[in-house]
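It should be emphasised that the depicted structure is a prediction, and the values quoted were computed from it without experimental measurement. Hydrogens, waters and symmetry mates play no part in the numbers below; they use all other heavy atoms, side chains included. Heads up: numbering here begins at 1 and tracks the sequence.
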Amino acid sequence: MELLKQKLNHLSLKYKILSLIITGILIVFLSGLLTTELVSRSYEKKLYRSIASTLSYSVQEISDELEYFDTIVDSIFSNQTIQNELEDALHTNKRSEKQIHYNKVYSTLCNYFFTFHNDALSYISILQNQSVISTSDSELRKLPENIKEDLLLMARRADGATTVISKYGADYGIFIVKELRRIQNLSLNPLGVLMIRIDMEKLIKSSISSISEYDDTAYFLFDKDTNLIYHDNLLSAEGALKLTQSMKQPYDIIEAENQKLFAVSDMIPIYEWNCICTVSYNSIYQTITLSGRSFFLLMLLATTIVSYCSIRIVLALFRRFDCLIHNMKLFGEGNYTAPVQPQHYPEDEIGLLYQNFDRMVEKIQLLIQENYVNELLKKEAQIKAMESQMDPHFLYNTLDSINWRARMIKSEEISQITTSLGNLLRLSLSKNSQNFTLGQELTLVENYITIQKIRYQKRLEFHCNIPDNLMDILIPKFTIQPLLENAIRYGLEESSDPCFISITQKQTPEDLIIKITNTGSSFEENFMEKLLNEEITPHGFGIGILNIHKRIQMTYGTAYGLNLYTEETEDTYEEYAVAEINIPKIRSTEKC
């Protein structure tokens, strides 16, 4: 990534703009493809909502129809005529009497069949021993005997409960069976088995006839054990089973028997049957694919045209820039002069650059001529100024002469003053301010204190406790001495009491804090903050404090600087001023 950034930074402006244009075109192109994909998915969701709504309504219709058939079963079960006639037929051995009773039951069943008329209801039958009473004997005979025996067995095992049998649904429809029992006096003696056949194809078609929005809608119905109850002619029974096995979510696009289907599933809660509704996705897929390909080709064509035009325009613009850059290089080599006759450049931004460049060249050439003469005059003035400067060695020699004269007359104090003043001047006038050490600063302080002790005698007491291993730490020049000068000024000049000044230190692994304390004066609270915020107008020493603080921060950063505050002694509660200098422990590389 860093290498790529460097390469981009070194590209010419022309290629940067071209890269930007191409990147923008690619982003638009990819955004178009993404939009197509999103539209396709949005259409799938819309299709799902539409089919799911239809399926939900269909499922509710089927549930209502099945509950309607349950009502018929309950009504037949409780019918007094059927109860009495079946019981009488059961207790007579005469064939003619049995037939009379069965005819009355048949008549009652026919009344039910026509009263509760429904296209999906194939027949209503009651089986008593070997006798059969049915509203449609021909339909009942189509049912194999083994299936009929299985239905009777499941009805008897249900112990009088209504049972819906769906496992033969794919071939013979579903059956509602119930063992009829004598309800008079709660004897619950078996009277026969009620069997109702429901034609699933007619049931489903009647449920969806008025709500389907699609001509190629197909329905598939499975029980809770994934047995096929009903399947549309669109798929075979095997294809329908593969369909339900492929469904991993409420809706999906599934390929079955060389067909691409959009399938949606829903549950019939009363029996836990799974109903799947499908719509052919081939035509939809072809439409979406054709639209996507058309959009892709259109975007590709538009991208190509825009890219070609953009590159031509950028190259045409930068051809003029290249010419201007060439003129600048010639000017830098001293081989270009401004045209004598005014040039007529196009009135655009690049033409304006050409005009201003020619004017700049003309002015620079004029300034070169003028500055050549001025430089000669300046050098002559510098030579004269250097000749008039006083040699600092003359001042050192004069102080040295005073020192020797003081020794000759045995005046020790004058000798000390001149010696210390000479050392102060040497350190002050020294040009070595970039590599100034703590040892040099303390030497300057020592000479300054020597002069002040002669002046104030016993009123001034000074103590310095700095280890020798810290003498090579770098410190800005004149950092400690101005603080001592302030301590003497406010601690001695404005008071007749003695003044005690001390210099101590404390360290961290990275930093050094030099602590300067003096009696006889104090700092007001937040003195430094007030100076920095201009709450106090700096004058005299305030300017010097700001100077020290800013020089430290400019040298080492804002984490360092000067801290001023007042402390009290624990025994006498006497106030004394404290100045802390915080600097990093950077050692000098110069060897003494």
Side-chain angles (χ1 to χ4, degrees), residues 423-449 452 462-491 501-519 521-567 576-590 592:
N423 292 334
L424 275 173
L425 289 173
R426 284 188 180 89
L427 289 170
S428 300
L429 298 175
S430 171
K431 295 181 180 179
N432 183 22
S433 60
Q434 298 296 324
N435 207 30
F436 202 73
T437 64
L438 180 59
Q440 291 174 301
E441 180 75 11
L442 292 177
T443 300
L444 192 149
V445 166
E446 183 181 350
N447 285 281
Y448 174 74
I449 289 296
Q452 295 300 332
F462 175 75
H463 176 69
C464 180
N465 184 18
I466 303 293
D468 292 339
N469 62 354
L470 299 176
M471 294 303 169
D472 60 343
I473 299 294
L474 294 177
I475 188 171
K477 195 173 181 180
F478 280 107
T479 299
I480 300 177
Q481 187 274 334
L483 296 173
L484 294 181
E485 185 177 348
N486 174 70
I488 291 173
R489 176 183 175 186
Y490 291 98
I501 302 175
S502 68
I503 302 177
T504 57
Q505 57 81 33
K506 55 184 178 181
Q507 304 179 54
T508 67
E510 303 293 334
D511 300 334
L512 172 65
I513 298 175
I514 301 170
K515 185 176 181 180
I516 302 165
T517 61
N518 69 275
T519 60
S521 65
S522 63
F523 293 111
E524 66 176 276
E525 189 175 359
N526 299 324
F527 183 66
M528 178 58 73
E529 288 78 0
K530 291 178 180 179
L531 280 176
L532 292 171
N533 296 330
E534 298 182 354
E535 296 178 24
I536 298 176
T537 303
H539 61 278
F541 180 65
I543 298 174
I545 287 178
L546 284 175
N547 182 279
I548 294 169
H549 180 71
K550 289 179 180 179
R551 279 194 297 128
I552 293 173
Q553 290 198 334
M554 289 174 64
T555 305
Y556 302 119
T558 56
Y560 302 95
L562 192 60
N563 185 24
L564 306 175
Y565 59 93
T566 300
E567 287 187 350
Y576 56 92
V578 180
E580 286 186 347
I581 303 168
N582 186 8
I583 58 173
K585 288 162 64 173
I586 302 173
R587 299 187 180 274
S588 173
T589 56
E590 290 188 358
C592 299

Partners of [X] by side-chain contact (heavy atoms from CB on, under 4.5 Å), sequence neighbours excluded?
X	value
Glu524	Phe527, Lys530, Ile536
Asp511	Thr508, Tyr560, Asn582, Pro584
Thr517	Ser502, Lys515, Tyr576, Val578
Arg551	Pro476, Phe478, Thr479, Asn547, Ile548

Find the distance between [atom1] ([X]) and [atom2] ([Y]) and round it off to the nearest 0.5 Å.
X	Y	atom1	atom2	value
Met471	Thr443	CE	OG1	8.0 Å
Tyr490	Phe523	OH	CZ	9.0 Å
Leu562	Ile581	CG	CD1	6.5 Å
Asn526	Leu531	CG	CG	11.0 Å
Glu529	Leu532	CD	CG	7.0 Å
Glu510	Ile586	CD	CD1	10.0 Å

Requested in this report: Check the surroundings of atom CG in Asn469: do more than 12 heavy atoms from other residues, nucleotides or ligands lie under 6.0 Å from it?
Outcome: yes

Could you check if a side-chain atom of [X] sits within less than 4.5 angstrom of a side-chain atom of [Y], using non-hydrogen atoms only?
X	Y	result
Tyr565	Glu580	yes
Ile473	Arg587	yes
Asn563	Ile513	no

Query raised in the report: Between Ser522 and Ala577, what is the shortest heavy-atom contact and its length?
Result: CA-CB, 3.9 Å

Query raised in the report: Among all residues two or more places apart in sequence or in another chain, which pass the side chain to side chain donor-acceptor pair (under 3.5 Å) test with Lys585?
Result: Gln507

Report summary line: Residues at least two apart in sequence or cross-chain that pass side chain to side chain donor-acceptor pair (under 3.5 Å) with Ser521, listed by chain then number, are Asn518

Check: [X] side chain, [Y] main-chain N or O, donor-acceptor pair, under 3.5 Å:
X	Y	answer
Gln440	Thr437	yes
Glu441	Ile475	no
Asn486	Pro482	no

Query raised in the report: Please walk me through it: do Gln481 and Glu485 pass side-chain contact (heavy atoms from CB on, under 4.5 Å)?
Result: CA-CA 6 Å; Gln481 187 274 334; Glu485 185 177 348; 3.4 Å; yes

Query raised in the report: Can you check side-chain contact (heavy atoms from CB on, under 4.5 Å) on Ile488 and Ile501, steps first, answer last?
Result: CA-CA 8 Å; Ile488 291 173; Ile501 302 175; 3.8 Å; yes

Report task. Report the C-alpha distance between Val445 and Ile503 in whole Å, list the side-chain angles of each, state the deciding distance to 0.1 Å, and finish with yes or no for side-chain contact (heavy atoms from CB on, under 4.5 Å). Result -> CA-CA 11 Å; Val445 166; Ile503 302 177; 4.3 Å; yes

Report task. I would like to know whether Leu474 and Thr555 meet side-chain contact (heavy atoms from CB on, under 4.5 Å); could you show each step before the answer? Result -> CA-CA 11 Å; Leu474 294 177; Thr555 305; over 6 Å; no

